[in-house]
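Data first, discussion second: the structure below is written as structure tokens.
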Amino acid sequence: MSLSDPQAAAQRAAELRQLLEHHNYCYYVLDAPEVPDAEFDRLFRELQAIERDHPQLLTADSPTQRVGGEAQRAFAEVLHELPMLSLANAFDDQEVYDFDRRIRERLAVEGLIYTAEPKMDGLAVSLLYREGRLVRAATRGDGTTGEDVTHNARTITVLPAALSGSGWPALLEVRGEVYMTHAGLADLNRRQLQRGERPFANPRNAAAGSLRQKDPRVSAERPLTLFCYGVGKVEGGPLPDSHFAILEQLRQWGLPVSPEARRVEGAEGCLAYYRELGGRRAALPYDIDGVVYKLDLLAQQEVMGFVSRAPRWAVAHKFPAQEEMTRLNDIIVNVSRTGRLTPVARLEPISVGGVTVSQASLHNQDEIERKGLLIGDTVIVRRAGDVIPEVVGVVESLRPADAHPFVFPSHCPECGSEVVRLDGEVDYRCTGGLFCPAQRKEAIRHFASRRAMDIEGLGEKLVDQLVEGGHITTVADIYRLAADQLAALPRMAEKSAANLLAAIERSRDTTLPRFLHALGIPNVGEATAQALARHFGTLEAISNASLEALQQVPDVGPVVAESIHLFFAEAHNRQVMEQLIAAGVQWPAIEVAPREAQPLAGMSVVLTGTLSSMGRDEAKERLEALGAKVASSVSKKTALVIAGSDAGSKLAKAEQLGVPVLDEATFLERLEAGWPAVEAAESE
DNA sequence: GATCCTCGAGTTCT
DNA sequence: CTCGAGGATC
């Protein structure tokens, strides 16, 4: 976006420079960026475009002419003999083709080989080894001058104090990226919160903040790690003649190098790598913001040379932004099955990581206050590793004059009942109970859901229609629905009505745990329902159990026992249950499988990733049939992890804790074989 | 009383 | 997946 009117262009350029300076300062010096990287890039490119169209506006001190960043004063300055440059960016395929074409034209060589590697979202450092010993570590700073962080860097466990092997040059400057894994950040943030300190918004901030600690003991507690990606100054010793071979060499000297680095051919090879790694991005245990392509042969790199701020032989191909800015148009309140009121941000629709986001949960009142959100603010929205959008924070400098705070309603927006916030609880609750249409609808949906009674076709839309049309008020009414009632509904032809009735019919045959779960007793989910069924055997026994008797069940303490007791004491609930049973809802009597048939008895197993041969539920059932307890998170008590494809943080955690991991093929083999006892006892 | 582990509940969009 | 909180364990 450039301007044709020179005066307007000059004004905009000045504006942009000031903004970029400001953001650079926030990012590098305060270590607290105000805007997402994508926004910074956009401003940067806008300025570049203006300067390109109006060369007279180009000044030597323009942010486009510098690498960006000022060294913080707390540490001794280090002058980089060879500047640590930044990389040109590419945001789409075309720019990668252009990059490759420029090199082919200049070198007059076809089929160029590149090294492709992930671009870590961390902090660039320079590591100086003299006679194979680490003598200095420095941050990149502005590229020319950085900070001496030797003491802190020495606390990074994967960074060798002395190189192993032999043949290293007398002086070797290694360059790398210090970063933090997701697990490491989560761990650190947990400790931050425990100490009443602010958690870090992302791994890069955490890594940067940790490396710049004044006290190395603090750095030492931070889970910093490192990948080396190249060399700087080298004296007294030859190095291989290609980038990829240098990485191999660094690895042999004991330096950590990304296992993802590959040689690829041409722009097509680069793009294939980009897509492949992009597909696995969410499953990687650390954040990457793109992929870097470097011309592999050093001789060719030398011919290409540099432009003012970046080498011409390398480019960073960025992934679509995972963070964007948008306007917080409003905050509405959602009423859940349990009566909890959840504030939801209504956002000006914005594409984040390729998906349009228009709302995001704000969880609770405290969260809104902690983030300091006002309606009308510009906020930063993120889709972190997973899928769920999240409001990360506010850009206070863009707050409009009419921005106003959100006031939690005193009455339920659905039913008008009073809203209360119990002592010590984070949440506000609607006191309307099943009188509240929102809670009633959610209760019915929960009853019909896949993991409960599994009535296929009875989803959100239909439940709304049925409740609003007065066809059902309690879950028991589901079994009284007739074909002619359904036929009266809009968008409900004969065929779908028949399908729904058949699904309802099928759901009559169920199991006691499913039925208990479906009732929606507060604090009783799938696992507790199963434990109750196993312990008591019959609905009768559970509904008449005393508080003391209930607490005999594993995982049931005073709070859950109270919930259950209260539920069954309610006449209305008993009536609905009787009606359900009268309508033909039934389940087989519980029988306990003989222990000897259960090779996995007492073992806690965790499933992660996607299994190709069966659904998660089936895998769970088969494991449970062998006596295993299928848990959802990995801890040191976990006996076994079964990892499908695209396994994420749970696999990383398992490896970290040394929990044995099975891949899908091995898992299937053992299932086939009835899980021979030898394997169950194996510990590696 | 503190700490670890697990469960429940809510989470967006296609 | 992530949070908060209940339960178990030391």
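Residue numbers start from 1 in every chain, and the chains themselves are labelled A, B, ... in the order their sequence lines are given, proteins ahead of strands. None of these values were measured; they are calculated from a predicted model.
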* Structure fact -> By nearest-nucleotide position on DNA chain B, the 5'-leaning member of A:S361 and A:R337 is A:R337

* **B:dG8 phosphate, OP1 or OP2, under 4.0 Å from A:T528 side-chain N/O** => yes

* Roughly how far, to the nearest 0.5 Å, is the CG atom of A:L462 from the CZ atom of A:R445? -> 11.5 Å

* To do: Indicate yes or no for a side-chain donor-acceptor contact from A:N544 to the backbone of A:A541 under 3.5 Å, with no hydrogens or angles considered.
  => no

* Return no unless some side-chain N or O of A:T356 is found under 4.0 Å from OP1 or OP2 of B:dC13. => no

* Would one find a side-chain N or O of A:R340 under 4.0 angstrom from OP1 or OP2 of B:dA9? -> no

* To do: Could you state the atom-to-atom distance from CG of A:L532 to P of C:dG7 in whole Å?
  => 12 Å

* Rounded distance in Å - CG (A:N364) to C1' (C:dG4) -> 10 Å

* Asked: Can you name the side chain to side chain donor-acceptor pair (under 3.5 Å) partners of A:T431, sequence neighbours left out?
  -> none

* To do: Using the test ring-ring contact (aromatic ring centres under 6.0 Å, His included), find all partners of A:F227 that sit at least two apart in sequence or belong to another chain.
  => A:Y179, A:Y286

* Partners of A:F435 by ring-ring contact (aromatic ring centres under 6.0 Å, His included), sequence neighbours excluded? -> none

* **salt bridge (Lys or Arg N to Asp or Glu O under 4.0 Å) partners of residues 333-348 of chain A, not counting sequence neighbours, each pair once** => A:R340-A:D427

* Structure fact -> Per nearest nucleotide of DNA chain B, the residue lying toward the 5' end, A:Q359 or A:P522, is A:P522

* Asked: So, is A:S358 near the phosphate of B:dC13, with a side-chain N or O under 4.0 Å from OP1 or OP2?
  -> yes

* To do: May I have the distance from A:R429 (atom CZ) to C:dA5 (atom C1'), rounded to whole angstrom?
  => 12 Å

* Between P of B:dC13 and CG of A:L347, the distance in whole Å -> 9 Å

Between N or O atoms, less than 3.5 Å apart, protein on one side and nucleotides 8-10 of chain C on the other: list the pairs.
unit_1: C:dA8; atom_1: OP1; unit_2: A:D555; atom_2: N; d: 3.0

* Taking only the side-chain nitrogens and oxygens of A:T338, find out if one of them lies under 4.0 Å from OP1 or OP2 of B:dA9. => no

* For the pair made of CZ in A:F567 and P in B:dG8, what is the distance, rounded to whole Å? -> 15 Å

* To do: Take atom CG of A:L185 and atom P of C:dC1, then tell me their distance rounded to the nearest Å.
  => 15 Å

* Asked: How close or far is atom P of B:dA9 from atom OH of A:Y428, stated in whole angstroms?
  -> 22 Å

* Asked: Rounded to whole angstroms, how far apart are CD on A:E460 and P on B:dC13?
  -> 12 Å

* Which nucleotide in the set B:dT12, B:dG8, C:dG6 lies at the smallest distance from any side-chain heavy atom of A:V559? -> C:dG6

* Structure fact -> Looking only at C:dG7, B:dC13, B:dC7, the nucleotide nearest the A:A527 side chain is B:dC7

* To do: Can you sort out the partners of A:H363 under ring-ring contact (aromatic ring centres under 6.0 Å, His included), two or more places apart, ordered by chain and number?
  => none

